[in-house]
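Input: a single structure, listed below in structure tokens.
The model shown is predicted, which means the values in this text are computed figures rather than measured ones. Below, read A as the first sequence line, B as the second, and so on, with proteins coming before strands; counting in each chain starts at 1.
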Amino acid sequence: MKITLDPTVTPFNLDYTLQCGQVFRWQKHDEWWYGVVTEKMTKIRQMDNILEFEGANDDFVKKYFRLNDPLPLITSKIGKDDYIKSAIQAFAGLRLIRQDPWECLISYICATFNNIPRIKKMINNLARQFGNKLNFEGHTFYTFPSPKNLANAGLKTLSTCKLGFRAEKVLETAKIIDAKTIRLAELGKLDYENAKKELLKLPGVGDKVADCVLLFSLNKLEAFPVDVWIKKSILKHYVAYFAKSSVHKTLEKKSLTHGEYKRISTFTKEYWGEYAGYAQQYLYHYERSICKTA
DNA sequence: CAAGTGCCTTTATC
DNA sequence: AGATAAAGGCACT
């Protein structure tokens with residue numbers, strides 16, 4: 001199937017969107033991106049303004065890649081200064097993805113104090129151990145394991161997936177989700193604050209992981225996850241908005257206290273408003289790309 | 001209550 | 001080769 005995009009109304013860049021580190025399971029072979037979404041294989045590629053895909057339908061692709069988000073309006077709203085304008089320009093067409101909340105939740109629990117290559121490895125280990133096998137065009141893929149599969153896994157088996165200290169959190173969270181004590185899909189109906197309050201009840205979920213789940217899977221575009229890269233970026237380029245005495249100390253330390261997290265995300269939410277999450281993703285990818293090439 | 005401190009597995013990368 | 005840093009969380013002061 002194909003979708004033809006009008007670049008003035010629906011700018012989109014598939015590579016930026018899948019490579020920027022918001023989602024961990026897509027693989028690129030030649031021109032095509034391969035991914036397992038909603039239990040089945042999908043492959044997709046972009047040629048200029050044509051999006052070609054198999055295994056998923058139009059509605060899914062539009063929803064998953066948020067093609068109905070008014071990106072030109074969003075980027076004009078968040079483009080409040082020269083710095084973020086250059087980030088937006090560098091990765092024009094980068095969009096947030098509407099991930100599956102359950103997979104997103106476990107992915108970002110695994111992302112705790114971790115790096116992207118290893119996050120990918122851990123999630124793939126989980127899928128291989130506890131997911132369903134799919135054969136597709138000579139390659140083997142696995143679905144993301146269900147809450148029940150992880151809840152029944154047992155800590156010992158789970159530990160073979162090399163999750164480290166996160167194994168226990170994944171297991172306990174899986175039990176809660178499997179028991180439907182917290183219904184993930186329902187949280188999207190709550191407002192940002194109340195949805196976050198629920199997420200924070202889950203083991204392994206603090207400020208940052210909760211904001212990732214809210215932004216990347218529960219449609220809360222005002223959520224602004226603050227990780228080590230974003231912390232550096234904000235305190236470097238928006239330092240005027242913070243008390244000078246505290247900035248240096250915050251930059252020195254590896255992890256943020258709740259207070260420091262709150263100070264940064266309060267600023268970003270006031271500065272960028274309802275689409276702060278988009279600003280976060282552009283800044284995050286920009287900061288990392290600068291660091292890699294430096 | 002808020003705020004600060006130290007520890008938590010594992011490994012890619014330098 | 002050995003240290004460092006990695007899309008942080010949490011228990012304890």
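- Of the candidates C:dA6, C:dA7, C:dG8, the closest approach to any side-chain atom of A:Ser255 belongs to C:dG8.
- Both A:Gly204 and A:Phe216 sit near DNA chain C, but only A:Phe216 has its closest nucleotide nearer the 5' end.
- A:Gly206 comes within 4.0 angstrom of sugar-phosphate atoms only, judged by non-hydrogen atoms across all strands, and of no base.
- For the residue pair A:Lys269 / A:Tyr192, a side-chain donor-acceptor distance below 3.5 Å is found, with atom types taken as modelled.
- Using a 4.0 Å heavy-atom distance criterion, A:Tyr284 is classed as a base contact.
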Exercise. Using Watson-Crick and G-U wobble pairs with both distances under 3.5 Å, what is the 5'-to-3' dot-bracket string of DNA chain C, with [ ] for crossing pairs and | for pairs outside the strand?
Worked result: .|||||.||||||
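- C:dA7 atom C1' lies 6 Å from atom CZ of A:Phe24, rounded to whole Å.
- Between the side chain of A:Arg95 and the backbone N or O of A:Arg66, at least one donor-acceptor pair lies under 3.5 Å.
- Taking the ring axis of A:Tyr271 as reference, the NZ or CZ atom of A:Lys80 stays within 45° of it and closer than 6.0 Å to the ring centre.
- When the C1' atom is compared between C:dA6 and B:dC8, the two are found 14 Å apart, to the nearest whole Å.
- Residue contacts shown for A:Gly21 include a base, since a base heavy atom lies under 4.0 Å away.
- Evaluation of atom-type donor-acceptor distances gives a pair under 3.5 Å for the side chain of A:Gln280 against the base of C:dA7.
- Classified by interplanar angle (parallel below 30°, tilted 30° to 60°, perpendicular above 60°), the ring pair A:His139/A:His29 is parallel.
- Taking every side-chain heavy atom of A:Trp229 into account, C:dA6 is the closest of B:dT5, C:dA6, C:dG9.
- Among the protein residues, A:Val226 comes within range of no part of the nucleic acid, since none of its heavy atoms lies under 4.0 Å from any strand.
- On a pure distance criterion of 3.5 Å, no polar donor-acceptor pair joins the side chain of A:Glu260 and the base of B:dA3.
- Contact annotation: A:Lys208 does not reach the phosphate of C:dC10 (side-chain N/O to OP1 or OP2, under 4.0 Å).
- With hydrogens and angles ignored, the 3.5 Å screen pairs a side-chain donor or acceptor of A:Trp102 with a backbone N or O of A:Pro145.
- Residue A:Glu168 is out of contact with every strand shown, counting any heavy-atom pair closer than 4.0 Å.
- When all heavy atoms of A:Thr157 and A:Ala153 are compared, the closest pair comes out as OG1-O, 3.1 Å.
- Per the geometry, CZ belonging to A:Arg166 stands 9 Å off C1' belonging to C:dG8, to the nearest Å.
- Rounded to the nearest Å, the gap between the C1' atom of C:dA7 and that of B:dT5 is 23 Å.
- Within residues 112-129 of chain A, the residues approaching DNA chain B are A:Phe113, A:Arg118, A:Lys121, by heavy-atom distance under 4.0 Å.
- For the C1' atoms, the distance from B:dT11 to C:dA1 is 15 Å, rounded to whole Å.
- Remark: A:Lys201 engages A:Glu198 in a salt bridge, criterion side-chain N to carboxylate O under 4.0 Å.
- Using a 4.0 Å heavy-atom distance criterion, A:Lys231 is classed as making no nucleic acid contact.
- Counting to the nearest Å, the C1' atom of C:dA7 and the CZ atom of A:Arg25 are 18 Å from each other.
- At whole-Å resolution of the value, CZ in A:Phe165 and C1' in B:dC7 are 10 Å apart.
- Only the C1' atoms considered, B:dC1 is 16 Å distant from C:dC12, to the nearest whole Å.
- In this structure a side-chain-to-backbone donor-acceptor pair under 3.5 Å is missing from A:Tyr108 to A:Val213.
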